[in-house]
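The next block holds one structure in the form of structure tokens; read it before the comments.
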Amino acid sequence: CSASAMRSIRLGLRIRARSFRHHASAARFPARIACIHSKVQALPTVSEPTSITEAAEILRSGARVSIERDGGDVVLSTRGLNQVLEHEPGDLTAIVEAGIRLSELRERLAAHGQMFALDPPGDPTIGACLAGDLSGPRRHRYGAMRDLVIGVTVVLADGTVASSGG
């Protein structure tokens, strides 16, 4: 710490000691003065890809990536992946991206007289339902998420895009 920094810390303590003289005994006694060096990491970069290829590039970067929460150098948000890419009402199939909320998907399907059978608590994304195997009471009648998914395309941790099913 520089001398000026130490002086300002001391002045700050003196001012506080005077203003809180009658409130707390800790303020009446001189304290040790030391510089505080913070080892707090910088805030992570938040990335909102709008396509699978952008998400793959982020994962290929080599940085520590966390999805929708703190914990890595880059926080990957699926908010940009919130589209219904294709919907065939006659076939009862839809192709959606991972970031679409269940409430939005239900609204889109209801316009065609259809429903989405999962009813997990809250309003999670389809990606969260698939990753966490979320379901609700309707699971007993219609099955779990794995029973409703015909095919899936995912981005692996190394940035590889993998597809399975139809």
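The backbone N or O of T78 sits less than 3.5 Å from a side-chain atom of E68, completing a donor-acceptor pair.
The existence of a salt bridge linking R139 and D133 is confirmed by a sub-4.0 Å separation between a basic side-chain nitrogen and an acidic carboxylate oxygen.
In the hydrophobic clustering of ILVMFWY residues, with side-chain heavy atoms under 4.5 Å counting as a link, I58 and V154 come out apart. Each of M115 and L102 belongs to its own hydrophobic cluster when Ile, Leu, Val, Met, Phe, Trp and Tyr are linked at side-chain heavy-atom distances under 4.5 angstrom. Using a 4.5 Å cut-off between side-chain heavy atoms of Ile, Leu, Val, Met, Phe, Trp and Tyr, with links allowed through other members, V152 and L156 fall into the same hydrophobic cluster. Hydrophobic clustering (ILVMFWY, side-chain heavy atoms < 4.5 Å, transitive): L130 and V65 are in distinct clusters. In terms of hydrophobic clustering, with Ile, Leu, Val, Met, Phe, Trp and Tyr side chains grouped at heavy-atom distances under 4.5 Å, V84 and M145 are assigned to a common cluster.
Crowding of R79 atom CZ: a count of heavy atoms from other residues, nucleotides or ligands under 6.0 Å not exceeding 12. Annotation: I150, atom CD1; neighbour count of heavy atoms from other residues, nucleotides and ligands within 6.0 Å does not exceed 12.
Here the straight-line distance linking atom CZ of F116 with atom CZ of R138 works out to 10.5 Å at 0.5 Å rounding. Note that CG of D73 and OG of S47 are 13.0 Å apart. Values are rounded to the nearest 0.5 Å. In this structure, the separation between CD on E88 and NE2 on H112 is 10.0 Å, given to the nearest 0.5 Å. One finds the CG atom of D158 at 3.0 Å from the OG1 atom of T160 (value rounded to the nearest 0.5 Å). Between atom OG of residue S135 and atom CG of residue D119 there is a gap of 8.0 Å, rounded to the nearest 0.5 Å. The CD atom of E48 lies 9.5 Å from the CG atom of N82; values are rounded to the nearest 0.5 Å.
Results of the side chain to side chain contact (heavy atoms under 4.5 Å, CB included) test with H87 over I95, V96, L109, L105 single out L109 as the only residue that passes.
Nearest heavy-atom pair across Y142 and L148 is O-CD2, 3.8 Å. In this structure, P49 and E54 approach most closely via the heavy-atom pair CA-OE1, 3.3 Å. For P89 against Q114, the heavy-atom pair with the smallest separation is O-NE2, 2.8 Å. In terms of heavy atoms, V155 sits closest to A56 at CG1-CA, 3.6 Å. Closest heavy-atom contact between G99 and T125: O-CG2, 3.6 Å. In this structure, S51 and L81 approach most closely via the heavy-atom pair N-CD2, 3.5 Å.
Between L118 and L134, the closest side-chain pair of non-hydrogen atoms is not below 4.5 Å.
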